[in-house]
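Here's the structure, in structure tokens; my notes come after.
Values in this document were obtained by computation on a predicted structure and should not be read as measured data.
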Amino acid sequence: EMGEHPGELACVGAALGGGFENTQELHVMKYKQAMAGEDKKSWDVAVVEEHDRMLKHKVWKAVPRKDVPKGHKILSSTWAMKKKSNGTYRARLNARGYEQVAGKHYDATAIAAPVTSDTTIHIVLTLLLMANWHGELIDVKGAFLNGEFEQGVKLHMKVPEGFEKYYPLDFVLLLLKTIYGLKQAAIAFWKQLLKAFASMGYVRSKADPCLYYAWTVNGLVVWISWVDDCLVCGRKKGVIHAKTQMMERFDCDEVGNMDEYVGCKVERDYEEGSIKMTQPVMLQSFTDEFELPEGPVPNTPATPGDALV
């Protein structure tokens, strides 16, 4: 089972970057399941790393439970623990956002995970080919841990599994920043991203709120964002400078060239001046899940009058 509540799947989805399309193999475990396995030592290290990440971002402070206002709901948390295809162990803590109270813990009219549109992606990639631009990907580490709450919003959370050794009994955590799983986490991070682009001198497109551009000494430089995945395109010098600017503002992973993007495998042919986008991982997942037989692909839509046996 993925969780104890329908909202649990959404928490796990947020933990994996907003969706499962980028995963090579969807095998996510909860805390107890991971710790009961033969890789317990590796998971212990991953849990410590997650706690260190929370402290680095100053996500919370411990307060006595008795100091929480009477009747104030204290959220619980869950873990999404996954061994990645490169062999690393990733343990991500998520608040159970479905326990949040609308109007008190978040603005029900302002929940979104801002992403660029497929049309914008196609246009930017076309410009990349026409202008022979350079393109690179940057992933903001712990993106949702950068978000700030709206004024007046106060959230408390129980001490998560595995973190008990760090805090006294009868203490809870007052959240100072958003964390994965919260309703407002994605939009709160996006607002921080907007501030970063503004400080870097970029203008947000009126056509796509996740497209940002600037005319620089190195020519036009364009960014597009998909939650915490950022693609920057332009002349190579301009891209390198833009990356440096972003990494001064956020802790980032330099993913590098676009070998993969938004769940697609990207193949660029420099001689032909073309880009091919495919989804082999998704197709393989369909084959694995539904045990599709070998043979010709059925007609879609089906031929009128055909009977399905």
Side-chain angles (χ1 to χ4, degrees), residues 1-22 28 30 54 57-61 63 65 67-80 92-118 120 140 142-160 172-198 204-212 224-230 250 262-263:
E1 293 182 357
M2 290 299 296
E4 302 166 358
H5 185 280
E8 198 92 332
L9 186 58
C11 291
V12 174
L16 297 174
F20 301 132
E21 66 276 8
N22 294 321
V28 185
K30 306 292 280 298
M54 298 295 168
H57 286 84
K58 300 179 181 178
V59 172
W60 57 53
K61 70 175 181 179
V63 298
R65 184 183 288 265
D67 290 350
V68 178
K70 190 175 181 180
H72 188 85
K73 189 171 186 178
I74 301 175
L75 305 179
S76 60
S77 59
T78 188
W79 285 91
R92 179 164 282 168
L93 179 69
N94 302 271
R96 285 192 169 106
Y98 59 82
E99 296 177 349
Q100 289 179 264
V101 179
K104 185 175 182 180
H105 294 155
Y106 66 97
D107 181 355
T109 65
I111 304 175
V115 297
T116 189
S117 70
D118 56 348
T120 298
V140 179
F144 289 7
L145 307 182
N146 292 282
E148 297 179 355
F149 291 108
E150 297 292 333
Q151 190 172 2
V153 173
K154 274 198 172 184
L155 285 174
H156 291 81
M157 188 175 73
K158 298 173 186 175
V159 174
V172 295
L173 306 175
L174 171 62
L175 297 182
L176 306 176
K177 297 283 186 69
T178 59
I179 67 172
Y180 288 84
L182 292 180
K183 299 280 190 181
Q184 65 267 59
I187 196 76
F189 166 68
W190 182 64
K191 289 177 180 179
Q192 296 302 311
L193 195 61
L194 291 183
K195 291 178 183 178
F197 279 123
R204 182 157 59 104
S205 168
K206 294 179 180 178
D208 186 334
C210 292
L211 168 66
Y212 325 87
I224 52 178
S225 63
W226 187 285
V227 191
D228 54 354
D229 289 334
C230 298
F250 297 106
V262 293

- Message: Looking only at the side chains, is there a donor atom on one of Q184 and Q100 sitting less than 3.5 Å from an acceptor on the other?
- Response: yes

- Note on the structure: Taken to the nearest 0.5 Å, the spacing of F189 CZ from S225 OG works out to 8.0 Å

- Message: Using a 3.5 Å distance criterion without hydrogens, assess whether the side chain of Y180 forms a donor-acceptor pair with backbone atoms of A143.
- Response: yes

- Item | Pairwise side-chain contact, M157 with L93, heavy-atom cut-off 4.5 Å (strictly under) | yes

- Query: Roughly how far, to the nearest 0.5 Å, is CG of L182 from OH of Y98?
  - Reply: 12.5 Å

- Show your working on side-chain contact (heavy atoms from CB on, under 4.5 Å) between I179 and L145 and close with a plain yes or no. CA-CA 5 Å; I179 67 172; L145 307 182; 3.8 Å; yes

- Hey, could you give me the CG/CD distance between L176 and E148, rounded to the nearest 0.5 Å? 10.5 Å

- Message: Donor-acceptor pair, distance only, cut-off 3.5 Å: does the side chain of D229 make one with the backbone of V262?
- Response: no

- Item | Residues which pass ring pair (Phe, Tyr, Trp, His ring centres under 6.0 Å) with H57, listed by chain and number, not counting sequence neighbours | none

- Query: T116 and W226: which non-hydrogen atoms are nearest, and at how many Å?
  - Reply: O-CZ3, 3.4 Å

- Could you tell me which residues satisfy salt bridge (charged side-chain N to carboxylate O under 4.0 Å, His left out) with K73, sequence neighbours excluded, listed by chain and number? none

- Taking all atoms of both residues into account, what is the closest heavy-atom pair of P209 and W190, and its distance? O-CZ2, 3.5 Å

- Query: Under 4.5 Å between any side-chain heavy atoms of I224 and D208, yes or no?
  - Reply: no

Side-chain donor/acceptor pairs under 3.5 Å, residues 101-113, sequence neighbours excluded:
from	atom 1	to	atom 2	distance (Å)
H105	ND1	V101	N	3.0
D107	OD1	T109	N	3.0
D107	OD1	T109	OG1	2.8
D107	OD2	T109	OG1	3.2

- Test item: E99 side-chain N/O and S76 main-chain N/O as donor-acceptor pair under 3.5 Å: yes

- Begin from the C-alpha positions of L174 and K61 and carry the test side-chain contact (heavy atoms from CB on, under 4.5 Å) through to its verdict. CA-CA 5 Å; L174 171 62; K61 70 175 181 179; 3.7 Å; yes

- Task: Taking the side chain as every heavy atom from C-beta outward, state whether N94 and W79 have any pair of such atoms under 4.5 Å apart.
- Result: no

- Between the main-chain N or O of V63 and the side-chain N or O of H156, is there a donor-acceptor pair closer than 3.5 Å? no

- Query: Is there side-chain contact between L175 and W60, with heavy atoms separated by less than 4.5 Å?
  - Reply: yes

- Message: Within the 4.5 Å heavy-atom criterion, are F250 and L193 side-chain neighbours or not?
- Response: yes

- Task: Could you tell me whether the side chain of R204 and the main chain of Y212 form a donor-acceptor pair under 3.5 Å?
- Result: no

- Taking C-beta and beyond as the side chain, do R96 and L75 meet within less than 4.5 Å on heavy atoms? no

